[in-house]
Every structure is written in structure tokens, then in C-alpha cells.
Undergrad: 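Okay, handing you the structure first.
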Amino acid sequence: MKRHCLAASPNFRQLCVLGLLAGTLAVPPAVVAQLTMPLTAEEVLCNQAQLTAMLGRMDVTTGELFGSELPTNLLLSYSNSSGFYEGLASTSQRRELSGPGGVDFWPERHLSFNLNPSIRTLLLNPSRPTLGQVSLNREQSSSNLVSAGEAWAVDLEVDPSLPGNPNPDTLTINNLELPAIGSPYNGFLANSTKPGRGLSEDGLLQACHNHFTDQDRRIFALLQRILRIDGALPEVELIASAEISIFRGLSEHVYRIEADLLGPDDLIRGHVAAELEIGWTAAGHLTTGSLHILPLCVEGQTRDCTRVANYGFLWLLRPVLPGGAFWIPSQAIRVSFGPDLPDPDPVAIDFEALLADTTWNP
Amino acid sequence: MKLMLCRIAVLAITLLLPGAAKADITIPLTAEQVACDQAQIERMLGRMRATALLIRFGYDLPTALFLSRSASTSSYEGLALANQFLRITDGSPADPVPPPEQHLAFHLNPNVRELLLNPARPPVGQVSLNREQSASNLVPPGGLTEVTLSLDPTLPGNPDPDLLVINNLEVPGVSNPYNGFLSNSTKPGRGLAADNLLVPCHTDLTAQDRKVFLVLPRMLRIRAELRNGHEPDIEAAIFRKEDAHTYGVEIDFFDLSALGGGVLGHVALELVVSWSPDGHLTSGTIRVLPYCANGETQGCTQVGQISTRVLLVPPVFAGNTKWNENDPRVVSLFFGSLSPIPAPAAVNFEDLLKDTTWNP
């Protein structure tokens, strides 16, 4: 593990129907409002810092293919205005950017998850001090479940402990399938709840603000499915793993991307920052946009800029069924980054075309 | 490098997080908000079922299922437990000795992403039922008290609903036989969405409300004798009332060991809870709301011939210690079986919670 910064009677039915009627009458109507809200610089910075710190506590590992793990993209954003996190760990569909005999592709496998920081503090034993808990949960309907030992097995760990703990009790889930009762337990873990002292201490369990909207959440979830980063590693033509924060910018239509590129040793080998502007109709239908890789970092700058030793690509892909097909690079939008590309021009994006084969942009 | 970046990020968060809002510890609610909360929780309970395994042929433990909102977020949280007494006993020495209560703590997250693996499939709202391991008794299969909680998230009329299911079985060692443990369950929540169960009625519940919501399931217990001599299974909805210090509990009685499974009785309680400015619970009252009349079904009590005792007990170490009804701190209200509704009883929360860390 890498280093971290840390059924019913008539009466009953009648009651249910009465309850339903009361609930329908009393739920407040949806307020007609802007689809997204502007944020302050402090709010943006707070989101960025929270996601960076949370990703720093996360670790993704995969099974082995031809003797080594697969590169991965770990994407993290927010799932609601109350400080829940939501993310996706995806195996990359290739290991090399290029090769003399071509490149082998295999479909991505996904482990979707959410992190709920608001678990009860009361423990079984009432004489034990109350303790904030966090819960890491896999989202089965949007995960590829695989057999133990497969290369596509994805483990996600979150270290919720205080700094300096040499043996942290990590939250762990994976994408292993549910075995049949009585067959050997394969180690599948769909949920993990642990004390979250370290997360609390780091300010990761408190919402920076409550200004995210359904449209923001929709775009966060969408970007997790269509955004990928392939950074080349210096020593060979291998692809780096990436840990990617997705958050809102100041303006209502701007989304931010900050990614650390990691080598097989889990050390940071580079950083890519990008800004995505997205247009939509009054109904929220995504139309066009632009993607801009942020300029190279200047001395001392670590965020809001790009710092890489090798070339790489940021992709916005046409979504496919993970586990069933691999996405086609020639059909995706590709933006290059590299050490001598100081300020690449923004690239136009047609979201309607990109999402045409999906039901995700009604 | 990564460590350094994380430390910088943590420092930034510390400076940027909003300060704790200075607000009243709880907020008065409107009648509409209260009715909406109550209806939502009761409808959700109507879709849930907590069961405990037979501990021996002919003997089982009645269950209790408590549900409340999780403060101002749109989630629900609750506690399912196997009681520390048998469903029925004739006092025979051959009766098994029931173990202490076994708990299965859970929360329901209705905010799970809508996008499915296949982008050609329409997005569908997902809900996730999760056990909270730190507040649950994990047991081996076939042990004394396996508690299973199911939730039907489907639209009405589904003859074979795909249920969300979790249980309190321990995680086996890898390569040991899989015992059926389920700690998380995620399924489409179309029925919950259609029932308006996934949108919170309001956002005016506070951390203090949540504290009360969480403490009550550890203290509130029901003893009753149904007409067949059985102790009932209960399902309890816990919610805030209009007054900032008043909480409601609506409890349905079932007998899951009997055919039919319909509601056999209903108890409505009102608790007034006092606290210091920093939230320390002090004193209060508990009262049983009057017997239902004129077709009333909610906000009133209907137990007929069922002799019923409502108890507030000092919390105990679940799975380890049994609560003692003879503890002098226990608050007990008896009614039903031709007995009148009792007068409200005083509650000394400081005393009831003095052996806990829950009331600093």
C-alpha cells in the first residue's frame, strides 16, 4: 500500500395509502431555479483541497495481467450538498500508449463507490466514547463484478485514521462477485464502516458549502464515465495511473479537473489540470463546450497548472459498456499535454454527439 | 511528494471550511413538515421487515425495527434488533435462555448515482441499504441471533420484488465457506421515488434532533402480550413534532411468526425532551397518546385487549448485557387490556444515560 497523507393486512394497506397521500401533499414542490449556482473562490478552493486530501488517502490496486497490475483511473467528486463523496475506480483499457507491435486493448472494469461521512457515532457499548464513523459502499448497479484472482479485480482502500498510524485500519471494498452460500468465500467486500477520526481531523467530513445542484451531480457522475487520463511514464511507454478530482469552478458552467499521475511505485510522476466549460439548454440537455489544459506550472506552483515530464492525453470518450467493449480512441476527443506544450488551445466539444448513443443526455 | 501535497490540502481545508453556524439547537417545524416526515417514515417502514432466526425449533425472538430521518440529509437511519426475550414462553425449565439483544444498525442512502454500466440503459435512481458494522453485533451463521433486514424498493404490484437485503452475519475468512453475509445492498429505487420517499420534506432537522433519534432506539422498549400469548414484533417511526423539544413515536405491532402478518396494534407516544444550551439532555416527559376514536388511525393508541408496557431503559452493551426492567431508573407505562391510558411520566435523561458517554 502506498504512503498516504493520511406484505400486509387491509388495515395496514389503508395506513400506507393514507401515508402516501399525506406525503404527496406535503413534499415541497420543486423550486424553479438556475440549474447550477456560482461559487466563491473559497468554496472552489475548499472543494479542490478536500478532494485532493481524500484522494491522498485512497489506494486502488488491481489483479495482475502478465505479471503486473493494470493502470487505473480513480475519479472522485461529490454526490450531494451534504459532503458525501462519490467516485469511480476504473482499470485502463490498455497498458501502453504505443508499441512496436501495436497496443493490446481490453475493456475497462469499473468499481463505483460512495463514501458516507455521516454515520451514527453511538457504538454498541454505551460506555465507549462516541466516535464519528464513515462508510465506504460499492454501487453494484454501476460496477463490474468479477471473480477473485482475475486481472480485473479492483480493490479500493481508504485510510480514515489519524496521521502517524503505522498500521491503519483501512476501509476496503472491491468488485468481487457474491459467491454462492457454502462455496469458498472469495473475499468480496461491498461495504466497510470504520471510525473516521483522521478524516474528521482533516476537515473531510464537513461540507465546504451546500451549493451543488442536481445538474452538478449529474455532470460529476457523467464525467466519471467519460473522462480518462493517459499519461506516459518516463522510463517506458507505460501508462501512468491517475487520481482525478472533479469539482466545480467559479462560474456556473465551469468544471475543474486536477489529476495526479502515478507510477507503478505509487509515487507522483506528474500533474495535469484542466478546465471544462459546458453549455446546456434550460432543461439541462448538454450541448457544446470546451476543454482547456491549464498552463505549465511555474516555480513553486503545485495546483491549477500542469507539470509533466512526458506526453499524455486527456480523453473525453463516447461511453461504452465497461466489461463488454472498449472505447474507441479515434471516436473520442483527445487533448494532448506535455512538457513543451505550455498553453494548449482549448478544444471544442460536442456533447450531443459524444453522448448520442446513450440515454444520459435527454 | 504526495504526502506534502496532502498536507497543504488539509491546511487549506482548515482555513476554508465554513464556521459552525450559531443556531438554535433545534428548529420548530410546521404541521405540514411533521405530517410529511411521519408519513415518509411510516411508508418506508411499510416496505421494511426485520426478522430473526429461530433460536430453536418452536422458539424465536421477536424483533424491533426503529427508523428515523438522518438529520437534514435525505437519508434514513435505523436499528433492527432481536429482543432479549422469547416470543412465547410458558416458564418451563426446558425453554432456551435467550441471549442479550443483537443489533443490526443501518442507514439507507437514496443518493446513489443513476447512471448504470450500460449507457444505452436509461438512468434509474438507485438506493443503497448499508449496515453499520461499528454499531452492529456480527454473529456466525446458525448462531443464536441472526438478524436480517429487507426493504422492498419496487413499484406496487410486483409479484417478485427484488429486495434490498442486509444481515448481521460476520465476514468469514477468505476460502472458508461463504456464510451469506450481506453488508450492503444497492438496487433501483423506482418504487421509493414514486412514493416520494427519496426527497426530504424539509431540511430543518438538526444534529440535536439526530442525537435524540439515535438515543431513543437504544432506550425505548415494548413488552406486550398478544391474544395468542406472543410478544409482538414492533416497527417504530421516530420523528420530530412541531415544538422544538417534542418527539413523536408511532409503533405498530405485528406477529411475524403468525400467518397474515398484519398490524395487530398501534401505540403513539410523545416525548418532551429538555436540554441545556450545549445539548446535554436533562429531563422530560413521556406520554401515551389517547386511545383512537372515530376512525382515527394515527396519533392515537389502539391496542384493544393487548396488555402493553412502554419502557425507557438505561442503554446497555448490546450483545453483551441484558437490560433490567427492575432497574429503578426504568420508566414504565402500562396500558391496554381494559386499562386506561396512563398519566404522562417524568423522565430523568441524566439518570438514564449516566452510565453512557452519550450525554456529555
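Every chain is numbered from 1 and lettered A, B, ... according to where its sequence line falls, protein lines coming before strand lines. Below, each value reflects all heavy atoms present in this structure, side chains not excepted, and no hydrogens, waters or symmetry copies.
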Undergrad: Given the options A/E42, A/Q133, A/E86, which has more heavy-atom pairs under 4.5 Å with chain B than any of the others?
TA: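 Greatest number of close heavy-atom pairs with chain B: A/E86.
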
Undergrad: At a 4.5 Å cut-off on heavy atoms, which part of A/A325 comes close to chain B: side chain, backbone, both, or neither?
TA: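 Neither part, no heavy atoms under 4.5 Å.
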
Undergrad: Using a 4.5 angstrom heavy-atom cutoff, name the option from A/P319, A/A180, A/G182 with the most pairs to chain B.
TA: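 Winner by heavy-atom pair count: A/G182.
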
Undergrad: Select one option (side chain, backbone, both, neither) describing which atoms of B/Q133 are under 4.5 Å from chain A's heavy atoms.
TA: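 Both parts, heavy atoms under 4.5 Å.
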
Undergrad: Roughly how far, to the nearest 0.5 Å, is the CG atom of A/N125 from the CG atom of B/N320?
TA: 7.5 Å

Undergrad: Quick one: OG1 on A/T193 to CZ on B/F106, what's the gap to the nearest 0.5 Å?
TA: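 A/T193 atom OG1 to B/F106 atom CZ measures 13.5 Å (nearest 0.5 Å).
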
Undergrad: For B/S136, is it the side chain, the backbone, both or neither that has a heavy atom under 4.5 Å from a heavy atom of chain A?
TA: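 Answer is backbone: N, CA, C or O of B/S136 sit under 4.5 Å from chain A.
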
Undergrad: Any donor and acceptor pair, going by atom type alone, linking the side chain of A/S141 with main-chain N or O of B/K187 inside 3.5 Å?
TA: no

Undergrad: Looking at B/P119 and A/R225, what are the two nearest heavy atoms and their distance?
TA: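 Shortest heavy-atom separation between B/P119 and A/R225 comes out as CD-NH2, 4.2 Å.
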
Undergrad: In terms of heavy-atom proximity below 4.5 Å to chain A, should B/I166 be classed as side chain, backbone, both, or neither?
TA: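 Neither the backbone nor the side chain of B/I166 comes within 4.5 Å of chain A.
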
Undergrad: With a 4.5 angstrom heavy-atom cut-off, is it the side chain or the backbone of A/N137 that approaches chain B, or both, or neither?
TA: both

Undergrad: Who wins among A/R128, A/E43, A/H110 for the most heavy-atom pairs under 4.5 Å with chain B?
TA: A/R128

Undergrad: Drop me the distance from A/N116's CG to B/L108's CG, to the nearest 0.5 angstrom.
TA: 10.5 Å

Undergrad: Where is the tightest heavy-atom contact between B/R113 and A/F113, given as atom of each residue plus distance?
TA: NH2-O, 3.1 Å

Undergrad: Below 30° counts as parallel, above 60° as perpendicular, anything between as tilted: where do the rings of B/Y178 and A/Y185 land?
TA: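 Parallel, since the angle between the ring planes stays under 30°.
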
Undergrad: What residue, out of A/I181, A/N47, A/L124, has the most heavy-atom pairs lying under 4.5 Å from chain B?
TA: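 So the answer, after comparing A/I181, A/N47, A/L124, is A/L124.
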
Undergrad: Over all heavy atoms of both residues, which pair between B/L214 and A/L122 is shortest? Give the atoms and the distance, please.
TA: O-CD1, 3.6 Å

Undergrad: Identify which of A/G187, A/A221, A/A190, A/G324 forms the greatest number of heavy-atom pairs closer than 4.5 Å to chain B.
TA: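 With the most close heavy-atom pairs to chain B, the winner is A/A190.
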
Undergrad: Given a strict heavy-atom distance threshold of 4.5 Å, which part of A/Q224 is in contact with chain B: side chain, backbone, both, or neither?
TA: side chain

Undergrad: If I measure from the heavy atoms of chain A, does B/N118 come under 4.5 Å with its side chain, its backbone, both, or neither?
TA: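 It is both, since atoms from each part get that close.
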
Undergrad: So, taking the atom named OG in A/S112 and the one named CG in B/L115, what distance separates them when rounded to the nearest 0.5 Å?
TA: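 Result: 9.0 Å between the selected atoms.
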
Undergrad: So which residue, B/D37, B/V174, B/D152, B/I41, ends up with the most heavy-atom pairs under 4.5 Å with chain A?
TA: B/V174

Undergrad: Given the options B/S185, B/P315, B/G180, B/S134, which has more heavy-atom pairs under 4.5 Å with chain A than any of the others?
TA: B/S134

Undergrad: Taking all non-hydrogen atoms of both residues, which atom of A/P184 and which atom of B/S175 are closest, and how far apart?
TA: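 What the structure gives for the nearest pair is CB-O, 3.7 Å.
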
Undergrad: Return the minimal non-hydrogen interatomic distance between A/R138 and B/T186, and the atom names on each side.
TA: O-OG1, 3.5 Å

Undergrad: Measure distances from B/V171 to the heavy atoms of chain A and classify the residue's part below 4.5 Å as side chain, backbone, both or neither.
TA: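 Side chain of B/V171 only, per the 4.5 Å heavy-atom cut-off to chain A.
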
Undergrad: Heavy-atom count around B/D355 CG within 6.0 Å, excluding the residue itself: above 12?
TA: yes

Undergrad: Flag the one option from A/L321, A/T130, A/V320, A/N191 with the top tally of heavy-atom pairs under 4.5 Å to chain B.
TA: A/N191

Undergrad: Which atoms of B/N137 are under 4.5 Å from chain A, going by heavy atoms: the side chain, the backbone, both sets, or neither?
TA: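 Contact with chain A: backbone and side chain both.
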
Undergrad: Check whether A/L178 gets within reach of chain B through its side chain, its backbone, both or neither, counting any heavy atom under 4.5 Å.
TA: side chain

Undergrad: Under a 4.5 Å heavy-atom cutoff, which of B/P172, B/A318, B/A120 has the most pairs with chain A?
TA: B/P172

Undergrad: Taking B/G78, B/P188, B/P161 one by one, which has the highest count of heavy-atom pairs under 4.5 Å against chain A?
TA: B/G78

Undergrad: Which distance, rounded to the nearest 0.5 Å, do you find between the CD of B/E132 and the CZ of A/R120?
TA: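 If we round to the nearest 0.5 Å, B/E132:CD and A/R120:CZ are 4.0 Å apart.
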
Undergrad: Do A/W360 and B/P123 touch side chain to side chain, with heavy atoms closer than 4.5 Å?
TA: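 They are in side-chain contact.
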
Undergrad: For B/R121, is there any backbone N or O sitting under 3.5 Å from a side-chain donor or acceptor partner on A/T359?
TA: yes

Undergrad: Looking only at heavy atoms, which two atoms of B/H107 and A/S135 are closest? And how far apart?
TA: CE1-OG, 3.7 Å

Undergrad: Heavy-atom distance under 4.5 Å to chain B: side chain of A/F220, backbone, both or neither?
TA: neither

Undergrad: To the nearest 0.5 angstrom, please state how far the OG1 atom of A/T121 sits from the CZ atom of B/R210.
TA: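 If I round to the nearest 0.5 Å, the distance is 7.5 Å.
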
